[in-house]
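Numbers here are sequence positions counted from 1.
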Amino acid sequence: LSPVCLGSLRRAASINAEYMGKNGYRKTTLLRNLSNYTIEDFPVHVRMVHVAQEHKIDDYTILESVLVSDSVRVKLLNEQERLEEEQAIEEDDEKGDDIANLLDAVNSHIDLLEIDKSEEKASRILKGLGFHEIKRTKTKDLSGGWRMRVELEKACKTGLDCWIPRHYRGL
């Protein structure tokens with residue numbers, strides 16, 4: 001992208017915008033690059049997701065699919081587990097203190113984001129969207145419309161600053 005285009009994107013951060021163009025003009029590529037933070041100088045503090053009409057078919061239940069989609073949650077929980085394992089085997093007191101400090105910081109972040117309440121919050125919203133068997137039903141067994149509802153819940157759950165639907169006419 002040119003600096004002019006990036007400047008326009010920065011100014012558009014606080015407004016609703018539409019991005020239209022003919023087929024083959026790389027609209028989807030731009031949206032994917034924005035949501036993957038691969039555009040140089042694009043603000044990484046902006047949390048966003050690109051909701052595509054095409055979904056990955058996986059073996060997760062509805063609830064699992066929503067929970068694993070929150071990359072911040074997953075990274076923090078993985079880091080917490082790694083540090084706890086490292087702390088359990090560390091014998092050097094100085095390294096043990098460093099690990100304990102890192103673990104305290106991770107735990108503080110987990111508490112701040114209320115990650116322990118993620119499952120409860122997701123369950124409540126999913127039930128509000130009409131899902132009932134969220135712990136047993138696999139996303140691969142859902143129709144396209146129901147999978148789109150799961151994708152919308154994933155987007156809503158992450159506390160986004162920017163939401164980029166791929167096809168919005170049916171929403």
Side-chain angles (χ1 to χ4, degrees), residues 1 5 8-10 12-39 42-82 84 106-107 109-171:
L1 290 175
C5 185
S8 299
L9 288 171
R10 282 192 198 103
S14 63
I15 62 169
N16 293 329
E18 291 184 25
Y19 183 54
M20 297 181 284
K22 294 180 181 179
N23 288 342
Y25 276 62
R26 311 304 249 164
K27 299 177 299 292
T28 300
T29 301
L30 174 64
L31 296 176
R32 190 178 306 115
N33 287 335
L34 286 171
S35 64
N36 290 331
Y37 304 99
T38 56
I39 296 177
F42 191 75
V44 294
H45 68 277
V46 176
R47 293 185 71 185
M48 68 175 76
V49 69
H50 177 202
V51 179
Q53 189 171 7
E54 307 81 30
H55 312 285
K56 292 183 204 172
I57 305 296
D58 56 42
D59 216 23
Y60 290 123
T61 65
I62 296 168
L63 183 59
E64 290 168 341
S65 181
V66 170
L67 293 175
V68 301
S69 71
D70 187 349
S71 60
V72 172
R73 177 187 171 276
V74 170
K75 286 177 187 175
L76 284 169
L77 291 175
N78 287 342
E79 185 67 4
Q80 180 188 46
E81 182 180 352
R82 185 189 70 77
E84 286 172 347
V106 168
N107 287 333
H109 207 71
I110 286 171
D111 291 343
L112 180 68
L113 296 175
E114 297 182 325
I115 286 177
D116 59 322
K117 298 177 183 175
S118 295
E119 187 171 333
E120 177 188 329
K121 288 178 183 177
S123 295
R124 189 174 53 248
I125 293 171
L126 285 166
K127 286 179 182 174
L129 289 171
F131 291 101
H132 300 289
E133 298 292 328
I134 61 174
K135 293 186 179 181
R136 288 192 293 222
T137 305
K138 306 277 186 183
T139 56
K140 68 180 181 180
D141 298 330
L142 299 173
S143 68
W146 284 101
R147 280 199 302 267
M148 179 55 82
R149 287 183 186 201
V150 172
E151 294 301 312
L152 292 172
E153 162 55 7
K154 290 177 185 180
C156 293
K157 182 180 177 322
T158 57
L160 302 170
D161 298 309
C162 182
W163 177 53
I164 307 170
R166 174 66 174 91
H167 293 285
Y168 57 87
R169 290 195 174 134
L171 301 179

TODO: Start with the C-alpha distance between L76 and V106, add both sets of side-chain angles, then the distance that settles side-chain contact (heavy atoms from CB on, under 4.5 Å), and finish with yes or no.
DONE: CA-CA 7 Å; L76 284 169; V106 168; 4.2 Å; yes
Open item on the list: Could you measure the distance from the OG1 atom of T137 to the CD atom of E64? Nearest 0.5 Å is fine.
Closed with: 11.5 Å
Open item on the list: Please check this pair: side chain of S69 against backbone of V66, looking for a donor-acceptor N/O pair closer than 3.5 Å.
Closed with: yes
Open item on the list: Distance check, rounded to the nearest 0.5 Å: D59 atom CG versus D141 atom CG?
Closed with: 8.5 Å
TODO: Any chance you could measure L63, atom CG, to R136, atom CZ, to the nearest 0.5 Å?
DONE: 13.0 Å
Task: Side chains of R73 and L113 in contact at under 4.5 Å (non-hydrogen atoms) - done: no
Open item on the list: As an exercise, state the distance from CD1 of I110 to CG of D116, rounded to the nearest 0.5 Å.
Closed with: 9.0 Å
- [ ] State the CD1-CG distance between I115 and L67, to the nearest 0.5 angstrom.
- [x] 10.5 Å
Open item on the list: For a quick test of reading the model, state the closest non-hydrogen atom pair linking L129 to W146 and the distance between them.
Closed with: O-CZ3, 3.7 Å
Open item on the list: Is there a side-chain contact between F131 and V150 in this structure, where contact means two heavy atoms from C-beta onward sitting under 4.5 Å apart?
Closed with: yes
TODO: Look at atom NZ of K121 and say whether more than 12 heavy atoms of other residues, nucleotides or ligands are closer to it than 6.0 Å.
DONE: yes
Task: Lys/Arg N to Asp/Glu carboxylate O, E120 vs R124, below 4.0 Å - done: yes
Task: Nearest-0.5 Å distance, CG of residue N107 to CD of residue Q80 - done: 4.5 Å
Task: Minimal non-hydrogen separation, K140 against R147, with atom names - done: O-NH1, 4.1 Å
